[in-house]
Amino acid sequence: MGLLGLDTTSTFVALGVAMLLVLAAATIPAALVYLLPPIAVGGGLGLVRVGGVPVGRLVVARCRWRWGVLRGHNRYRAGVVIDHPRAFQLPGVLAPLTLLSAEDGYGGRYGIVWDRRTGLLTATLRVVPASTWLADRTDADTWVAAWGGWLAALGHMPAVRWVTVTVDTAPEPGSTLADAVQQAVVPTAPQQARAIMHELVRTAPAAAADVDTRVSITVDPKASAAAPKDLFEAVADLGRILDGLASRLGGCGVSVRGRATAAEIAGTVRTAFDPHARGEVNRLLTGPQADEVLGWCDASPIAATEHTDRYEHDGGVSVSWAWHEPPRQNVRSDILARLVAPGPFPKRITLQYRALPAATASRVLQQEVNAAAFRAQFRRRTGRDETARDSWDAARARQAATEEAMGAGVCLVSMYATVTVTDPAQLRRAVAHVEASADAAKIRLRRLWGSQAAGFATTLPCGICPPELSRRLFH
C-alpha cells in the first residue's frame, strides 16, 4: 500500500522527505540549494523503474556484479589433486550444500541435501503425474482441488519452509533402449532381424523423451515443534514429515515412486551440469551398486563460468528465467502443459511454494484488501479513473480473503525455468522455444540477468530459494 508503486515504508520515507523540503523552504530557503540535488538524484533512482525494478537497485546489482567478476567469484575450477576436506564443493550458491544418506524406516535409504550454512534439510520425492489430456475433466478438477488442500496443510507445518516441484525433460539419449535391446538380441538370430533392431535403437531417441518429476521438501529443524537437538533427530523428524506429505499426494493426481536416493540426487545434479553424461548416469543408477558409484563429489562440474545472460558449465550452456507475472485469467489445469512438455532441448520447469503460516495468512490477505481500498480512495481523491486491472486486483483480493476464511491456504508462488544446450550456436533457438511456450501459457518470464547461477541451482533438487538468497544478500 503506497504511492507511485512504492511499498508502505518507501511511501512514508517519501512523505517525510517532502515534509522536510516544506519545512526547509519555510524556515531556511537557502538550504534548498543544497537539499534539492541529492533528493532529486535519490528520488530518480528510487522512483524510475526499468522492467518494474527501481534504477537504484539495478545500479547496486550491476556494481556488485562487476566487483564479483573482478574478484573471480563468477568462475569455478575443480582441482584434481587437492588435499582438502571440501575439495569437491559445488560452485556458487551450491557450495554450502552436502549430501547425506539416511534410512527411510522401510529397509531402504534416501538422500538428504544439508545446507551447512542455514541448517536446512531437503528431501526429494519422485512422482509420476497422471496426464490431464487423458483424464476426465472432473478428475482433473478433483486433483487440482486436492493439490490446493495439500498446499493449505503446509500452513499448519511450521517446519516446512518451501516445496519445490520440478519437471525435468530432455531428449532420450537412447541408452535405456539400447541396453534393453542388447540384452534381448540373440547372437544366433538372423542378420536381417538384428539389423532391424539396431536401426530401431538408432532412430528411436529422435522421437522419445526422458521425463522426471520431483517434489522437493525443505524443512527448518529449528522451527520444528519437536525441537531436535542434533542432526540425527532432525533427520528423523524430516522422515516423519515426508511420510505424512507423501501419503496425501496420492489424491493429487500423482503416484509417488518413493524418496530419491543420494545417488539419484547426485546423478540429477551431474546431468544438469553435463548433459552428455545423461546416458551413462542412467546406466549407473540402474546398476546394483549405484549408491557406491555416484556420490556428491561426482555431481560437481569440472569448470563453470557465470555470465550476465548465461551460465557455462561442463558440456553445456544454460539460460534461466524467473516468473515476472502470472497469468491474469482463470487458471485451468492444463495451463502449463506446453511449457513443461518435452522439447528438443533439456529443460527444467520449477514451481516453488512458500506457504504462509495459518495464523498470519488472514492478516496478510486483509492487508491486501486494505491496500486495494486505499488505492481506490486515492484515485477518487486525485480524479483518476479506475482501470480494468485495478478492478480485477481488488476483486481477486476480496476473493482470496473469502477463500482463506473458508479454509484455503496462502502461498507465495514462484516459477523458474532453465534450458540447456550442448551447442552454443543453438542457444538462441532454445531461448526462443522456452519464451514462446511461456507466452502460450500467458506467463511472463524475466531473464535472470546477473543471477544465472542462482536460477540454475533453483531447478535442482537442492532446496535453493532465490528470495531467501536475496534476503541474506541484502541483510
Side-chain angles (χ1 to χ4, degrees), residues 7 93-94 96-97 113-115 117-125 127 144 146-167 213-225 237-238 241-242 244-246 248-249 252 320-327 331 336 348-368 396-397 400-401 403-404 407-418 443 445-446 448 451 454-475:
D7 57 15
V93 296
L94 299 173
L97 307 181
V113 178
W114 176 36
D115 190 333
R117 179 177 299 169
T118 62
L120 301 180
L121 300 174
T122 301
T124 300
L125 299 175
V127 301
V144 173
W147 175 249
W150 191 85
L151 292 176
L154 300 180
H156 302 277
M157 306 174 68
V160 179
R161 293 290 295 273
W162 53 77
V163 172
T164 303
V165 181
T166 301
V167 180
T213 305
R214 304 182 295 267
V215 179
S216 299
I217 301 167
T218 301
V219 302
D220 185 2
K222 294 179 291 186
S224 175
D237 187 49
L238 172 62
I241 294 175
L242 289 178
L245 294 178
R248 292 195 294 268
L249 270 179
C252 303
S320 298
W321 295 264
W323 190 349
H324 186 68
E325 188 178 32
V331 178
L336 297 177
R348 299 185 300 277
I349 308 298
T350 292
L351 280 168
Q352 198 166 75
Y353 301 89
R354 290 177 291 152
L356 295 180
T360 62
S362 59
R363 184 177 71 253
V364 171
L365 291 181
Q366 188 59 44
Q367 291 175 354
E368 293 290 335
R396 294 306 295 266
E403 292 178 355
E404 190 278 333
V410 180
C411 287
L412 301 177
V413 185
S414 304
M415 176 182 285
Y416 302 91
T418 298
I443 295 174
L445 295 178
R446 176 176 56 85
L448 290 171
S451 301
F456 182 90
T458 305
T459 57
L460 299 176
C462 297
I464 297 297
C465 181
E468 290 293 321
L469 293 174
S470 178
R471 182 180 63 82
R472 294 202 296 266
L473 176 65
F474 283 95
H475 299 284

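Heavy-atom basis, side chains included; hydrogens, waters and symmetry copies ignored.
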* Pick one: which of Leu245, Thr218, Leu351, Leu154 meets side-chain contact (heavy atoms from CB on, under 4.5 Å) with Val163? -> Leu154

* To do: Measure from the side-chain N and O atoms of Gln352 to the backbone N and O of Ile464, and report whether any donor-acceptor pair falls under 3.5 Å.
  => yes

* Student check: side-chain heavy atoms of Thr166 and Tyr416 closer than 4.5 Å -> no

* Asked: Do the side chains of Val364 and Glu404 get nearer than 4.5 Å, heavy atoms only?
  -> no

* Looking at side-chain heavy atoms only, is the closest gap between Asp237 and Pro221 below 4.5 Å? -> no

* Asked: Measuring from Leu125:CG to Ile217:CD1, what's the distance to the nearest 0.5 Å?
  -> 4.5 Å

* Between Ser451 (side chain) and Leu448 (backbone), is there a donor-acceptor pair under 3.5 Å? -> no

* Is there a side-chain contact between Arg161 and Cys465 (heavy atoms, below 4.5 Å)? -> no

* Identify the heavy atoms of Ala152 and Gly409 that sit nearest to each other, and give their distance. => CB-N, 3.4 Å

* Asked: What distance do Arg354 atom CZ and Leu151 atom CG have between them, rounded to the nearest 0.5 Å?
  -> 13.5 Å

* Would a line drawn from the ring center of Trp147 to the ring center of Tyr353 be shorter than 6.0 Å? -> yes

* **Residue pair Ala361 / Val410: nearest heavy atoms and the distance that separates them** => CB-CG2, 3.6 Å

* Structure fact -> Distance col, row Trp321:CH2 vs Thr418:OG1, nearest 0.5 angstrom, shows 8.0 Å

* Minimum side-chain heavy-atom gap Leu94-Cys462 below 4.5 Å -> yes

* To do: Run through Thr350, Ile443, Thr458 and flag the one making a side-chain contact (heavy atoms from CB on, under 4.5 Å) with Met415.
  => Ile443

* **Ser414 and Trp323 side chains, donor-acceptor separation under 3.5 Å** => no

* To do: Only counting residues at least two apart or in another chain, list the ones meeting side-chain hydrogen bond (donor to acceptor under 3.5 Å, both in side chains) with Arg248.
  => none

* Please report the closest heavy-atom contact between Ser216 and Thr124, naming both atoms and the distance. => OG-OG1, 3.0 Å

* Structure fact -> Thr459 and Arg214 have their tightest heavy-atom pair at O-NH2, 3.4 Å

* **From CD (Gln367) to OG (Ser362), nearest 0.5 Å** => 10.0 Å

* Please test Ile349 against Leu336 for side chain to side chain contact (heavy atoms under 4.5 Å, CB included), starting from the C-alpha separation and ending with a verdict. => CA-CA 10 Å; Ile349 308 298; Leu336 297 177; 5.8 Å; no

* Structure fact -> Scanning both residues in full, the closest heavy-atom pair of Pro461 with Val113 reads O-CG2, 3.6 Å

* Asked: Which heavy-atom pair separates Gly155 from Ala355 by the least distance, and what is that distance?
  -> N-CB, 4.1 Å

